[in-house]
There are 2 protein chains.
Amino acid sequence: MRTERLPTLEDVAREAGVSRATVSRVINGIRNVDPQLHEVVWDAVGRTGYVPNRLARSLVTRRTGTVALVVSDSETHDDDPFMGRFFADPYFGRVVGGLMSVLRGQGVQLALQIVGTDDGRKRLVGDLRNGQADGAIVLSLPAVDPLPRMLTEGGVPAVLIGRPAEPVPIDYVDLANDTGAALAAEHLLTRGCQRIGMISGPADVPASSDRIAGFRRSLARRGHGWVPTETGNFTRDSGEIAMRDLLAANPQLDGVFVANDLMALGALAALRSAGRDVPGDVAVVGFDDSSAAVAASPALTTIRHPLEDMAAEAARMLLARIEEPAMRVASVIYEPALIERGSA
Amino acid sequence: MRTERLPTLEDVAREAGVSRATVSRVINGIRNVDPQLHEVVWDAVGRTGYVPNRLARSLVTRRTGTVALVVSDSETHDDDPFMGRFFADPYFGRVVGGLMSVLRGQGVQLALQIVGTDDGRKRLVGDLRNGQADGAIVLSLPAVDPLPRMLTEGGVPAVLIGRPAEPVPIDYVDLANDTGAALAAEHLLTRGCQRIGMISGPADVPASSDRIAGFRRSLARRGHGWVPTETGNFTRDSGEIAMRDLLAANPQLDGVFVANDLMALGALAALRSAGRDVPGDVAVVGFDDSSAAVAASPALTTIRHPLEDMAAEAARMLLARIEEPAMRVASVIYEPALIERGSA
DNA sequence: GGGGGATTGGAGAGCGCTTTCCGAGTGTTA
DNA sequence: TAACACTCGGAAAGCGCTCTCCAATCCCCC
């Protein structure tokens with residue numbers, strides 16, 4: 001039962017016949033302790049089954065051994081189904097996996113925090129400043145999010161995954177989204193596509209606008225100054241609708257770049273029901289190389305996003321920043337790669 | 001910068017001209033405080049920008065407002081790629097989403113803990129007993145895992161997702177895996193399948209053995225006493241291999257139940273390259289109704305697993321148990337449903 | 001043999017908060 | 001007016017730990 005008192009440092013000290021301070025030193029591996037006492041103390045620890053109380057320790061050391069994974073959302077409704085979608089998406093899991101691969105080895109824990117309101121953000125920053133966690137990895141979803149700035153101003157060590165929408169002196173890792181989109185453009189061109197369209201994500205989120213810009217720029221360089229575009233919201237269904245619209249407006253379309261795999265899945269469905277063969281009639285290139293890409297049929301040609309590596313790097317950067325808060329603000333940009341499968 | 005001291009209760013008290021105790025009472029909404037003082041105190045809180053320090057509070061209240069999500073794994077290698085797979089799988093995300101849907105409303109945080117070794121488990125239980133978190137939601141992966149028992153013996157409030165492999169007096173939520181598998185059997189039979197096979201998961205994990213048992217039992221009742229079976233490990237590739245083997249040994253196969261969608265994806269690929277039409281030649285039923293099921297082609301007929309609801313219920317159960325540790329041990333079993341799509 | 005330096009263990013002051021215990025003030029009744 | 005019950009705010013004792021001082025011990029060198 002929870003009720004029985006757990007042994008404390010005091011108990012161990014009594015058992016070992018030394019002072020609390022000595023036990024603390026032994027446990028934390030500080031020298032200046034007679035090897036003989038050392039052994040006596042460890043014996044006592046074993047006998048009492050002592051486990052240090054992290055809370056109490058953190059209170060004085062100002063270190064928790066925890067980093068927060070903050071998902072910053074712009075809450076529409078409180079029971080917004082979006083969050084459910086977000087977690088079910090492999091994106092979230094891949095980030096967690098990447099973070100854990102680094103954190104775990106360092107004995108650092110991950111605490112999940114979701115904030116949807118400005119009030120929530122304020123409380124979060126307050127808690128972090130109070131040493132709730134040593135730092136934060138931030139997944140910022142809204143197009144414009146005050147959180148990154150709040151964090152830096154609060155002096156909270158933090159690393160963003162994905163560049164901030166507005167310039168803020170904060171560490172981040174990101175993907176060269178524009179290069180990735182350019183890769184898609186090159187590929188469609190190389191395949192001989194003449195009428196190329198695009199299904200983009202919301203124009204105000206950085207990852208999305210970078211993909212739009214990269215794709216257009218690359219195409220413009222090869223003489224395609226005009227790219228018919230429909231906008232989706234990164235869900236499967238929005239991709240299906242966008243594809244239908246795009247096709248209606250541009251019946252001769254023979255190639256399309258879809259800004260993520262989930263929407264590409266929808267696009268595939270729309271093309272199928274429009275009787276177009278993929279890649280025969282229309283070539284499709286996705287983005288992310290998510291598990292959906294392999295499951296699709298035809299399997300999606302897509303742009304690989306080394307999300308696990310990026311998250312791992314973010315974790316390393318955060319750990320470094322925690323260690324050395326004055327470090328220069330840094331960013332690491334990853335290069336995407338084209339993965340050729342069946343759809344283009 | 002992190003260095004500047006944050007306002008403490010003491011500072012607020014000084015600012016308001018009252019004692020620490022009074023401020024504490026006001027903040028925690030305890031009556032017995034003059035409404036006038038009440039206001040004075042909140043003013044002072046606002047002026048100083050005070051945020052209570054959770055750590056310090058937890059130390060004395062023995063409540064953290066945090067629950068741990070424990071993933072208990074049987075570590076093969078330390079840099080086991082399995083964990084990466086696990087997180088990328090929608091399973092993990094769906095659980096997190098379900099938990100958060102309940103926890104978030106209660107202002108409870110989720111701390112992710114991964115343990116792979118017995119030593120890690122011991123440390124974890126010690127930390128939990130010390131009040132690192134108020135309770136734990138446990139995802140137990142290994143076939144036989146000492147953790148559930150350790151948790152109950154340590155008096156740590158905990159709820160398992162998926163029944164324990166060996167009987168332990170611990171709360172859990174689970175899916176009626178056997179019923180789900182029976183549903184799959186019925187469906188294949190109803191379709192008129194005569195030669196039915198199965199691709200199962202590892203026989204020693206409960207979810208898997210329940211599916212095997214449910215499927216066999218249901219089929220046996222309808223005269224199919226023998227079900228050719230291949231075993232996979234829940235990954236796509238293992239499903240592909242298993243399907244190939246199953247087909248080689250049973251060329252006349254016309255129906256197969258695959259114990260999860262991921263393996264079913266592999267099975268589909270194997271069938272395709274063997275030149276079998278799905279569902280024309282061979283009908284395929286998956287399990288989980290994961291996002292992969294929709295992406296597959298043909299889309300998978302599968303067994304729906306209300307994982308989000310289960311996780312949400314687990315969260316509620318845990319919260320209840322934390323509130324009332326002496327409560328009777330409970331379990332909640334969810335009923336699966338057949339989702340008919342293209343593959344069967 | 002005595003003084004200086006190095007080494008080691010212990011006492012105790014907090015970290016920021018909650019909460020019990022008391023005393024002081026207020027109102028009510030005889 | 002005195003006695004009593006009640007309400008409300010403050011002093012202070014911890015929660016379990018770390019770490020700075022400081023005292024005690026030991027060794028070496030002159």
Side-chain angles (χ1 to χ4, degrees), chain A residues 2-42 44-45 48-65 126-132 134, chain B residues 2-42 44-45 48-66 126-134:
Chain A
R2 196 114 205 190
T3 47
E4 91 214 11
R5 226 177 95 280
L6 259 42
T8 76
L9 208 54
E10 182 82 51
D11 299 322
V12 179
R14 197 174 317 113
E15 178 81 21
V18 297
S19 80
R20 266 198 342 275
T22 304
V23 178
S24 175
R25 280 195 207 94
V26 169
I27 286 179
N28 295 301
I30 294 177
R31 51 180 185 302
N32 287 7
V33 175
D34 186 318
Q36 211 153 350
L37 262 190
H38 210 271
E39 203 151 318
V40 172
V41 169
W42 276 119
V45 168
T48 54
Y50 171 73
V51 178
N53 183 321
R54 283 184 171 238
L55 252 56
R57 178 180 288 178
S58 295
L59 188 57
V60 30
T61 59
R62 262 90 223 301
R63 272 302 193 83
T64 59
D127 280 349
L128 289 174
R129 301 222 304 162
N130 263 325
Q132 165 91 294
D134 298 335
Chain B
R2 196 108 204 200
T3 47
E4 91 212 12
R5 226 178 95 281
L6 259 43
T8 75
L9 209 54
E10 182 84 49
D11 298 321
V12 178
R14 197 175 316 115
E15 178 80 20
V18 297
S19 79
R20 273 205 326 280
T22 303
V23 179
S24 174
R25 278 193 284 260
V26 169
I27 286 178
N28 294 302
I30 294 177
R31 57 190 177 298
N32 286 9
V33 175
D34 187 318
Q36 210 153 353
L37 262 190
H38 210 272
E39 202 152 319
V40 172
V41 169
W42 277 119
V45 168
T48 53
Y50 170 73
V51 178
N53 183 319
R54 283 183 170 240
L55 252 56
R57 179 179 288 178
S58 296
L59 188 57
V60 31
T61 59
R62 264 91 222 300
R63 271 303 193 83
T64 59
T66 297
D127 280 349
L128 289 174
R129 302 223 304 160
N130 263 324
Q132 165 91 294
D134 299 335

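In the text below, chain A, chain B and the rest are named by the order of the sequence lines, each starting its count at 1.
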Protein-proximity profile, nucleotides 17-26 of chain C, B/S/- by nucleotide at the 4.0 Å heavy-atom cutoff, equals BBBB------
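- The distance between atom CZ of R14(A) and atom P of dG10(C), rounded to the nearest whole Å, is 14 Å.
- Residues that satisfy the side-chain hydrogen bond (donor to acceptor under 3.5 Å, both in side chains) test with T22(A), not counting sequence neighbours, are S19(A).
- Here the closest non-hydrogen pair linking V26(A) and W42(A) is CG1-NE1, 3.5 Å.
- What separates CZ of R129(A) from P of dG16(C) is a distance of 13 Å, to the nearest Å.
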Kindly indicate, with the supporting measurements, whether the criterion side chain to side chain contact (heavy atoms under 4.5 Å, CB included) is fulfilled by R54(B) and N130(A).
-> CA-CA 8 Å; R54(B) 283 183 170 240; N130(A) 263 325; over 6 Å; no
Could you walk me through whether V45(A) and I27(A) pass the side chain to side chain contact (heavy atoms under 4.5 Å, CB included) test, one step at a time?
-> CA-CA 9 Å; V45(A) 168; I27(A) 286 179; 4.2 Å; yes
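- Of the possible donor and acceptor atoms, none in the side chain of S24(A) sits under 3.5 Å from a partner among the backbone N and O of R20(A).
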For the pair L6(A) and V51(A), evaluate side chain to side chain contact (heavy atoms under 4.5 Å, CB included) and give the outcome as yes or no after the intermediate values.
-> CA-CA 8 Å; L6(A) 259 42; V51(A) 178; over 6 Å; no
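- Put simply, CG on L6(B) is 14 Å from P on dC15(C), counting in whole angstrom units.
- Between its opening and closing five pairs, the helix from dG1(C)-dC30(D) to dA30(C)-dT1(D) changes axis direction by 60°, a value rounded to 10 degrees.
- At a threshold of 4.0 angstrom between heavy atoms, the contacts of L55(B) with the nucleic acid are absent.
- One interatomic measurement links the two molecules: CZ of R62(B) to P of dG16(C), which rounds to 19 Å at whole-angstrom precision.
- Of the possible polar contacts, one joining the T61(A) side chain to the R57(A) backbone as a donor-acceptor pair under 3.5 Å is found.
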D134(A) and R63(A): CA distance, side-chain angles, deciding distance, side chain to side chain contact (heavy atoms under 4.5 Å, CB included) verdict | CA-CA 6 Å; D134(A) 298 335; R63(A) 272 302 193 83; 3.7 Å; yes
